[in-house]
Chemist: 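I'd like to ask you about the structure that follows.
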Amino acid sequence: MNPKSPPKEKKAYRYEILAHQIAQLIRQGTYRAGERIPSVRQMSKQQAVSISSVMQAYLILENEGLIEARPQSGYYVRAFTNTKLPELESSAPSLDPSHVNLHDLVMMVMKDSAKPHLAQLGAAMPNLELLPTDRMNHIISRLARKAEKGTHQYHFEAGMEDLRVQISQRAVNSGCQLSPNDIVITSGATEATNLCLHAVCKPGDIVAIESPMYFGILQLIEVHGLRALEIPTNPREGISLEALQFAIEHNPIKAVLTISNFSNPTGSCIPDEKKRELVELLSRYDIPLIDNDVSGEIHFTEKRPLVTKAFDTKGLVMLCSSFSKTISPSLRVGWVVPGRYKAEIEWLKFTLSSATATLPQMAIAEFLESGGYDHHLRRLRREYAAKVAQLYDAVTRTFPPGMRVTRPAGGFVLWVQLPANVDSLELYSLALQGAITLTPGYLFSPTNQFYNFIRLNAAAWSYPIMGALDKLSDMIVELAGRT
Ligand SMILES: Cc1ncc(COP(=O)(O)O)c(C=O)c1O
C-alpha cells in the first residue's frame, strides 16, 4: 500500500488508514525528522486500535522508508525523508600543492561567530544544553575541594594514567587494542595534530589532505609552512584512494591528513574496509597518516565506525581525538595515539606545553569511570541525529532550487553548495547584517575552490531560528539573481 493516498477501491483496513494518517503527520511536520513517534502501545491506546493493527501500520511506514525501528529505543521518523536537493559530488581540486594563507579570514569569522546576538549557524560549536555540564561542574568542584597539594604539581608524564586507562578501554569499541602507554594526553585534538605535524614534517614539505578540509587543520599547515595537496573527496565515503595513490606517485608526500569519521565539513565517513585499504596503501609507501576522530562517537547508525588505527600494523597511524565535541570544548582534553612516533611526540609535548592541565583530566577520567558517558552519548547521538535531519529538512524546504546539500550519518554539520554565481563571502556579509552567522566555504581549501559553499552548524538548530533560514534563502536568491 502507498500511504500517500488512502486506498479507495476496496474498504481499507484499520491499519492501512492508520499508516496513511501517520504518513500525513510526518509530511506536514507534526512528527519531525529524527523524532520518536509514539510507541506501539501508546499509539494503540491513543487511536483505540489493536496492538497488531499498529504494528502492521508501522511495518508499512517502515517499508515506505518513512520511519525506522531502533532496537530498545522505539520508532523514529527517518532522517532525510525529503530528498528534494541532490547530494554533492566528489570534489575536484587542483593537482598542485599550495601554501595556505587563510589566517585573516579565519580570525575574522571566528570573532564574528562568537557574538551572542547572532543566529549561530556558523562555528561548529557543540550545543551546551546537550553536554553534561552540570555533572562535570559537580565532579570538578568535588575534586577541587579534596585535591591534595600534589595535584598542583607538574605532571610531566604522557598524561594522567586513570584517563589513559579509560581511553584505552573505550578504544576497543573502535577496533583498537591499546595499552594506556600507547596514549599521550594533549590539550585538545588541535594540539595533538600540531604535535604530529611537528614530528613528521618540516617547512616546505607537502602533505596530502582531504578536500574540503576543516580550517583548523589548514591553519596548522599554514603555521608549519607546509604545502597542502588537496585530494578529491567524496561527501559520503571520504578521500579517493586512486587519486591519493596518483598523488603519492608524483609528489614527495610527507604525511596524509584525514578526518575519517564524520569529517568537518562534509560529514563523510570512510567505510571501514576502505580505511583498511587506506592504511595498507600508506604503509606500502611508509607515509604516516594523521587521522582525526573527534566526531567518531557521534554516529547516527547503530554501530560506531572503526578508526584507521585499528588497521595499523606498522605504527604509521597517528590517531588524534578529544572530548571537545562530546563532553566539553573548554576543558581542553584530547589525546594522540602516535604509534612509532611516541617518543618524539612525548618530547614535543613536554617541550611545547609541558603538560595538559591536571584537574580537567581527573574530572573526565572520573566521568568515564562512572559509566555515565555511554548513557550521555546515546542521548547526544539521538539529539544530533534529529537536529541534523531537521536542519536538512528546513534547508531543502526553504532554499531555492539548484543547490546541493550533504546528508551526513554523524557529527553535526551540513555542507551546502550554493548556485555557481553566489559568493559565500558576500552571503556571509549579508547574513551578518541580518544577525546570522555561517561559515563561508573559502575557509576549507587553500585554493578557494569552495567559494560557493557554506557550512551550517546543526548543533544550534531549533525551530525558532527557522526565520533565519528564510532570510538566508532570500539573500541567496538576491545574490543569484544579480548579473
Ligand atoms: C575535525 C576537528 N578537529 C578538531 C577540532 C578542534 O578540536 P579540539 O577542541 O579538541 O582542539 C574540531 C572543532 O571543530 C574539528 O571539527
Side-chain angles (χ1 to χ4, degrees), residues 102 106-107 109-110 113-114 120-128 130-131 136 159 163 167 183-198 207 209-223 228 233 235 238-239 256-270 289-299 305 307-308 318-337 349 352-353 356-357 360-361 364 380 384 388 406 408 410-415 437-439 441 443-445 455-460:
L102 289 168
V106 168
M107 291 316 287
V109 173
M110 283 300 96
S113 34
Q120 293 293 340
L121 291 169
M125 295 195 276
N127 185 327
L128 292 183
L130 301 177
L131 294 185
M136 293 315 294
L163 179 61
I167 293 171
I183 297 162
V184 176
I185 301 296
T186 59
S187 302
T190 307
E191 188 190 38
T193 312
N194 185 30
L195 299 177
C196 294
L197 288 175
H198 261 298
V207 291
I209 59 169
E210 285 177 311
S211 165
M213 173 50 90
Y214 163 56
F215 57 84
I217 292 180
L218 290 179
Q219 284 302 273
L220 291 172
I221 292 174
E222 179 172 343
V223 164
T233 298
I239 193 162
V256 175
L257 290 108
T258 51
I259 306 174
S260 60
N261 292 329
F262 316 122
S263 110
N264 174 356
T266 65
S268 64
C269 182
I270 303 180
L289 173 66
I290 303 173
D291 194 18
N292 175 309
D293 189 48
V294 291
S295 294
E297 292 281 17
I298 311 176
H299 50 94
V307 289
T308 49
M318 307 167 89
L319 177 69
C320 302
S321 194
S322 78
F323 296 105
S324 290
K325 306 293 172 191
T326 54
I327 296 181
S328 162
S330 80
L331 293 179
R332 306 303 307 138
V333 177
W335 67 95
V336 51
V337 186
K349 170 68 188 168
L352 297 174
S353 79
T356 295
Q361 292 186 61
I364 290 181
L380 192 70
Y384 278 153
V388 165
T406 47
F412 51 79
V413 292
L414 288 185
W415 182 234
T437 64
L438 50 86
T439 311
L443 263 59
F444 300 89
S445 155
R455 189 195 65 186
L456 297 177
N457 175 24

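Atoms within a ligand are numbered from 1 in the order they appear, just like the ligands themselves.
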Chemist: Does any N or O of ligand 1 fall below 3.5 Å from an N or O anywhere on Arg332, backbone included?
Modeler: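 N/O-N/O distance under 3.5 Å: yes.
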Chemist: What atoms of ligand 1 come within less than 4.0 Å of a heavy atom belonging to Ile259?
Modeler: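 Per the distance check, 1 (C).
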Chemist: Does Met125 reach ligand 1, in the sense of a heavy atom lying below 4.0 Å from it?
Modeler: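 Not so, Met125 does not reach ligand 1.
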Chemist: Of all the atoms in ligand 1, which lie at a distance below 4.0 Å from a heavy atom belonging to Gly188?
Modeler: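 Ligand 1 atoms under the 4.0 Å threshold to Gly188: 10 (O), 11 (O).
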Chemist: Between Thr186 (side chain only) and Trp335 (backbone N and O only), is there a donor and an acceptor less than 3.5 Å apart?
Modeler: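 Checking the backbone N and O of Trp335 against the side chain of Thr186, a donor-acceptor pair under 3.5 Å is found.
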Chemist: Could you grab the distance from atom OG1 of Thr439 to atom CZ of Phe444, nearest 0.5 Å is fine?
Modeler: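 So the gap between those two atoms works out to 5.0 Å.
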Chemist: Under 3.5 Å, is there a donor on one side chain and an acceptor on the other for Glu210 and Ser263?
Modeler: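 Checked: Glu210/Ser263 side chains show no N/O donor-acceptor pair below 3.5 Å.
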Chemist: Run the numbers for me: atoms of ligand 1, each under 4.0 Å from some heavy atom of Asn292, listed by number.
Modeler: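 Close to Asn292: 1 (C), 2 (C), 3 (N), 4 (C).
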Chemist: Is it the side chain (CB and beyond), the backbone, both or neither of Ala189 that lies under 4.0 Å from ligand 1, heavy atoms counted?
Modeler: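 The answer is both, backbone and side chain.
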Chemist: Which residue and non-hydrogen atom of the protein lie closest to atom 11 (O) of ligand 1, and at what distance in Å?
Modeler: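 I find the closest protein heavy atom is Thr190 OG1, 2.5 Å.
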Chemist: At a 4.0 Å cut-off, with the gap strictly under it, does some heavy atom of Glu191 reach an atom of ligand 1?
Modeler: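 Flag not set, Glu191 not near ligand 1.
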Chemist: Without swapping roles, check the side chain of Glu297 against the backbone of Thr326 for a donor-acceptor pair under 3.5 Å.
Modeler: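 No; judged by distance alone, with no hydrogens or angles, the pair does not exist.
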Chemist: Heavy atoms only, cut-off 4.0 Å: how does Asn264 contact ligand 1, side chain, backbone, both, or neither?
Modeler: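 For Asn264, the contact with ligand 1 is made by the side chain alone.
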Chemist: Between Phe412 and Tyr384, what is the ring plane arrangement, given parallel below 30°, perpendicular above 60°, and tilted in between?
Modeler: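 If you compare the ring of Phe412 with that of Tyr384, the planes turn out tilted.
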Chemist: To the nearest 0.5 Å, how far apart are CE in Met213 and CG in Leu443?
Modeler: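 If I round to the nearest 0.5 Å, the distance is 13.5 Å.
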Chemist: To check your reading of the model: name the closest protein heavy atom to atom 13 (C) of ligand 1, its residue, and the distance in Å.
Modeler: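 In this structure, atom 13 (C) of ligand 1 has Lys325 NZ, 2.7 Å as its nearest protein heavy atom.
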Chemist: Got Asn264 and Val294 here, is their nearest side-chain heavy-atom distance under 4.5 Å?
Modeler: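 The answer is no; the side chains never approach within 4.5 Å.
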